[in-house]
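See structure below.
From a predicted model like this one, the values you see are computed outputs, not experimental measurements. Side-chain atoms are counted along with the backbone in the values below, which use heavy atoms only and exclude waters and symmetry mates.
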Amino acid sequence: MYIPTYFREDDRETLLAFMRAHSFATVVSIVNGIPFATHIPIGVELRGETVVLTGHVSKANEHVRAFAPESSTPSLIIFSGPHAYVSPSLYEARESVPTWNYIAVHAVGVLEAVRFADAPHTIEMMLDTMITQHDAAYGEQWHSLPDKYREGMMRGVVGFEMPVQQLEGKYKLSQNRSAHDQETVKGMLEHSDDESARAIAEAMRNRTT
């Protein structure tokens, strides 16, 4: 990802917090020689000093061809956050152009397959963790379902773990503009009807306080 110096975020705790808060991500791999994307929730773990991302896809999803050991080609997982249009009319200089403020984190690594037949406990833990994070009230119902049904569901997916080899964060929040322009942009976004724009304004405030 292209990241000018003033937009780069290298603090790992900041990036992990963002990834957990925006965990519905886009997984991009090379399948049959072309880019292939799947949109799924991703688990974010810290194992010692290694960031490990986890998830699962349907067994029928061709994305499984990108999982090791079938492939050792790295994949990209994109975490996207709030974004907002910024009008050049907000800047002091008339000779300005439109832009977009946004936050994104990219993680690169090799997807390692986890199958129920080989690691049933791991698949069960992955699903339990995801249920706890996104629908804790459903957990009791899930565990009360017949074992045969639950096992059938777990056999129908392929999980993965991805130890992160490269982690990049881009916080494009008008850092390249003057203090006056930044305040004007924040003020406009704070009063927007768009929730995403207001979130960008808050992110801008947090990075200057």
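The cluster map of Ile, Leu, Val, Met, Phe, Trp and Tyr, joined by side-chain heavy atoms under 4.5 Å apart, puts Y102 and V105 in different clusters. In terms of hydrophobic clustering, with Ile, Leu, Val, Met, Phe, Trp and Tyr side chains grouped at heavy-atom distances under 4.5 Å, W100 and F79 are assigned to different clusters. Linking ILVMFWY residues whenever their side-chain heavy atoms come closer than 4.5 Å, directly or via other members, leaves V86 and F7 in distinct clusters. I103 and L167 fall within the same hydrophobic cluster, where Ile, Leu, Val, Met, Phe, Trp and Tyr residues are linked whenever their side-chain heavy atoms come under 4.5 Å apart, directly or through other members. Linking ILVMFWY residues whenever their side-chain heavy atoms come closer than 4.5 Å, directly or via other members, leaves Y6 and V185 in distinct clusters.
Within 6.0 Å of CZ in R47 there are more than 12 heavy atoms belonging to other residues, nucleotides or ligands. By the neighbour-count criterion of 12 heavy atoms within 6.0 Å, atom CE of M130 is densely surrounded, having more than that number from other residues, nucleotides or ligands.
Note: L173 CG to N101 CG = 5.5 Å, rounded to the nearest 0.5 Å. Note that the OH atom of Y85 and the OG1 atom of T99 stand 9.0 Å from one another [nearest 0.5 Å]. How far CG of D135 is from CH2 of W142: 12.5 Å, rounded to the nearest 0.5 Å. Note that the CD atom of E190 and the CD1 atom of I200 stand 12.0 Å from one another [nearest 0.5 Å]. Atom-to-atom distance recorded for H106:NE2 and I3:CD1 is 8.0 Å, nearest 0.5 angstrom. To the nearest 0.5 Å, the span separating NZ on K172 from NE2 on H83 amounts to 13.0 Å.
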*Give the intermediate values and the outcome of side chain to side chain contact (heavy atoms under 4.5 Å, CB included) for residues V27 and I42.*
CA-CA 9 Å; V27 184; I42 296 293; 4.0 Å; yes
*Apply the test ring-ring contact (aromatic ring centres under 6.0 Å, His included) to residues F67 and F160: give CA-CA distance (whole Å), side-chain angles for both, the deciding distance (0.1 Å), then the verdict.*
CA-CA 7 Å; F67 297 0; F160 65 82; 5.4 Å; yes
*side chain to side chain contact (heavy atoms under 4.5 Å, CB included) between L53 and V44, worked out*: CA-CA 5 Å; L53 306 183; V44 181; 3.9 Å; yes
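Of all non-hydrogen atoms in V110 and A68, the two that sit nearest each other are CG1-CB, 4.0 Å. Nearest heavy atom pair, residue M1 against residue A104, reads CE-O, 4.0 Å. Of all heavy-atom pairs spanning A66 and S71, the tightest one is O-CB, 3.7 Å. G159 and M126 get closest at one heavy-atom pair: CA-SD, 4.2 Å. Scanning both residues, S178 and E92, for their nearest heavy atoms gives OG-OE1, 3.8 Å. Closest of all the heavy-atom pairs between L15 and G169 is CD2-CA, 3.7 Å.
K148 has no carboxylate O lying under 4.0 Å from a charged side-chain N of E151, or vice versa, which leaves the two without a salt bridge. R205 has a carboxylate O that lies under 4.0 Å from a charged side-chain N of E183, or vice versa, which qualifies the two as a salt bridge. Taking a cutoff of 4.0 Å between a charged side-chain nitrogen and a carboxylate oxygen, R12 and E49 qualify as a salt bridge. Taking 4.0 Å as the cut-off between side-chain N and carboxylate O, E202 and R207 do not count as a salt-bridged pair.
When side chains are defined from C-beta on, Y171 does not count as touching N206, because their heavy atoms never get closer than 4.5 Å. Inter-residue side-chain proximity for M162 and V52 is flagged as unmet; no heavy-atom pair is nearer than 4.5 Å. Contact check for L16 versus T14: no side-chain heavy atoms found under the 4.5 Å cut-off. Using a 4.5 Å heavy-atom threshold, the side chains of K59 and N61 count as separate. I40 places none of its side-chain heavy atoms less than 4.5 Å from the side chain of H56. When side chains are defined from C-beta on, L111 counts as touching S29, because their heavy atoms get closer than 4.5 Å. The shortest side-chain heavy-atom distance between P35 and I30 falls under the 4.5 Å cut-off. Looking only at side-chain heavy atoms (C-beta outward), V114 and I123 come within less than 4.5 Å of each other.
Between the side chain of E9 and the backbone N or O of D11, at least one donor-acceptor pair lies under 3.5 Å. Listed for the R198 side chain is a donor-acceptor partner under 3.5 Å among the backbone atoms of D193. Here the side chain of Q141 pairs no donor or acceptor atom with the backbone of A137 at under 3.5 angstrom. The closest donor-acceptor contact from the side chain of K170 to the backbone of Y2 lies under 3.5 Å.
For E168, the side chain to side chain donor-acceptor pair (under 3.5 Å) partners two or more places apart in sequence, or in a different chain, are Q166.
Because its NZ or CZ atom is both nearer than 6.0 Å to the ring centre of Y91 and within 45° of the ring axis, R177 counts as a cation-pi partner of that residue.
Here ring pair (Phe, Tyr, Trp, His ring centres under 6.0 Å) pairs that include residues 23-54, with residues two or more places apart or in two chains, are F36-H63.
Side chains of D181 and S174: a donor-acceptor N/O pair is absent below 3.5 angstrom, by distance only.
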